[in-house]
Number of protein chains: 2
Amino acid sequence: MKSVDNLTLADQVLMKFQEDIVRGDVAPGSKISESALATKYGVSRGPLREAISRLESRGLIERAPNVGARVVSLSYQELIELYQIRESLESLACRLAAENMTDEDIKHLKALLHEHKQDQNFKDGTAYYKQQGDLDFHYCIIYGSKNKKLIHLLCEELYHLILMYRHQFSNISKHPQKAFTHHQRIVEAIEERDGELAEILMRRHIQKSRTVVETYFENQNAQES
Amino acid sequence: MKSVDNLTLADQVLMKFQEDIVRGDVAPGSKISESALATKYGVSRGPLREAISRLESRGLIERAPNVGARVVSLSYQELIELYQIRESLESLACRLAAENMTDEDIKHLKALLHEHKQDQNFKDGTAYYKQQGDLDFHYCIIYGSKNKKLIHLLCEELYHLILMYRHQFSNISKHPQKAFTHHQRIVEAIEERDGELAEILMRRHIQKSRTVVETYFENQNAQES
DNA sequence: AATACGTGTTTTGTCGACAAAATAGCGTTT
DNA sequence: AAACGCTATTTTGTCGACAAAACACGTATT
């Protein structure tokens, strides 16, 4: 799917570094030394600066002129703001998907859902697969919208931030079966080409996961006090 | 408002170059020569490449590895897609603005509106003021949402693209008085802290301007055939 | 003892030069 | 005449080095 090795060094560093940030290997809020990272990834400072520059515009890094860059560290408030945006954009994507997905696409989506059902029946513990499955589902719908700019916004600019936080907080939904039911209903709506309903269902689905984040933080605050 | 001169060269070039693109001084689709631009703006290729890199992630420039960069040239379809996103995000911003604007903010917004009314009464011809006024209005509401990521997305990542096309097509609304009425009603809803209504009104307002774009393209196609 | 100042060091920003890839132009071949 | 391949030139990608700004630390002063 991804064309091979005619990638620039800056692009390779970008991907590696982004992965490291999302996985939490480099802590949020930690300062970034250009020369240190350059040697770490085995490149000069030129390509590295380009990678930093792009990660900055993706919101994963904050930079101040003449001072340096540091990995972003979202506050609770900012995370909620992020979810508001995601809610708006991904419900839009879902409506467009109901309108624009090909029958092939829908078949693929249903297969994905069926696969998750299997996985879940005898193994609804291990978080990794569920998370990956959830991701696949959402990506599939986003791409189904056929809106290139929207796909870029969600997949390249927003989702990495969300994933970074998911990883950091091990924020796996406590209600996998509920999430699965949501997914099922969304697919039904898409299958019936009911964009309006699909949009509403997706909005609620994400609202729900936002609520999970909110209660997580409330509990954390309660523990602290 | 903007802190002064501790800006990096790359930032200055970024602003100048972006302005040139949005104003249409450099034609959409035209190829970008790094060395040529570097000499034009009086900097080395380093900072210039950084500026290009950022403009790429803002969607104003497209770049292929080892080939070079060119100013983006949106198709009709892509422009419509852009408006869909704007519709979704800016209506969200409007709802949040109704919830989060301070009374001061609202006062400022009303003053803005009043100012436009004056301007419009005796001078509803000259497009520039109206366009600038329209911009001020929308920016004011976007900032009123108090959602930093949303503000960044709309003002830094999306609006420049839209402005570029507005300029290119001289796409000034043919119904300034209607737009003004829309603005008025939106402000009323915000004043009453009715987020739901404000959201709907903003959505319709932008839908309307999308329709203007659509009819423009239809007419153009009709002329061509 | 605390603050202010000055020096030395690190880090960022910028530049010019080199290497590799792509483009253009020419000649050859079918 | 058209298409293929080769060479020359331009353009992009990458690097190392220099300049300026920020930071750290020790000293002097009140």
Side-chain angles (χ1 to χ4, degrees), chain A residues 2-21 25-73 156, chain B residues 2-21 25-73 156:
Chain A
K2 202 77 173 185
S3 59
V4 280
D5 47 6
N6 46 355
L7 286 167
T8 177
L9 265 184
D11 287 327
Q12 296 176 28
V13 169
L14 171 68
M15 291 193 298
K16 284 187 200 165
F17 189 27
Q18 179 169 269
E19 174 121 359
D20 287 350
I21 292 177
D25 292 354
V26 44
S30 62
K31 187 162 187 323
I32 292 169
S33 164
E34 290 184 1
S35 44
L37 270 195
T39 54
K40 175 178 175 183
Y41 292 112
V43 297
S44 155
R45 276 178 55 217
L48 186 104
R49 277 174 67 87
E50 199 172 318
I52 288 181
S53 185
R54 296 222 201 138
L55 287 176
E56 188 195 5
S57 60
R58 291 185 185 185
L60 288 171
I61 281 179
E62 285 172 335
R63 200 173 57 156
N66 293 323
V67 171
R70 46 184 61 242
V71 178
V72 75
S73 169
E156 306 295 320
Chain B
K2 202 76 175 188
S3 58
V4 279
D5 48 5
N6 45 355
L7 286 168
T8 177
L9 264 186
D11 287 327
Q12 296 176 30
V13 170
L14 171 70
M15 291 193 298
K16 283 187 202 164
F17 189 27
Q18 179 168 268
E19 175 120 359
D20 286 350
I21 292 177
D25 292 354
V26 44
S30 61
K31 187 162 187 325
I32 292 168
S33 164
E34 290 184 358
S35 45
L37 270 195
T39 53
K40 174 178 175 183
Y41 292 114
V43 298
S44 157
R45 275 179 55 218
L48 185 104
R49 277 175 66 87
E50 199 171 318
I52 287 180
S53 186
R54 295 222 200 137
L55 288 176
E56 187 195 6
S57 60
R58 292 185 184 185
L60 288 172
I61 281 178
E62 284 173 334
R63 199 174 57 156
N66 293 322
V67 171
R70 41 190 353 122
V71 178
V72 76
S73 167
E156 306 295 320

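Here is the naming used below: chain letters follow the sequence lines, and residue numbers restart at 1 for every chain.
Every residue two or more places apart in sequence or in another chain that forms a side chain to side chain contact (heavy atoms under 4.5 Å, CB included) with A:Ser33 is listed here: A:Ser35, A:Ala36. For A:Glu19, the side-chain hydrogen bond (donor to acceptor under 3.5 Å, both in side chains) test picks out A:Arg23, with sequence neighbours left out. Evaluation of the salt bridge (charged side-chain N to carboxylate O under 4.0 Å, His left out) rule for B:Arg45 yields B:Glu34 as partners, not counting sequence neighbours. Listed by chain and number, the residues in a side-chain hydrogen bond (donor to acceptor under 3.5 Å, both in side chains) with B:Glu56 amount to none (sequence neighbours excluded). With sequence neighbours left out, B:Val26 forms a side chain to side chain contact (heavy atoms under 4.5 Å, CB included) with B:Phe17, B:Asp20, B:Ile21, B:Ser30, B:Val71.
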Under 4.0 Å protein heavy-atom contact, by nucleotide of nucleotides 6-17 of chain C - B base, S sugar-phosphate only: ------BBBB-B

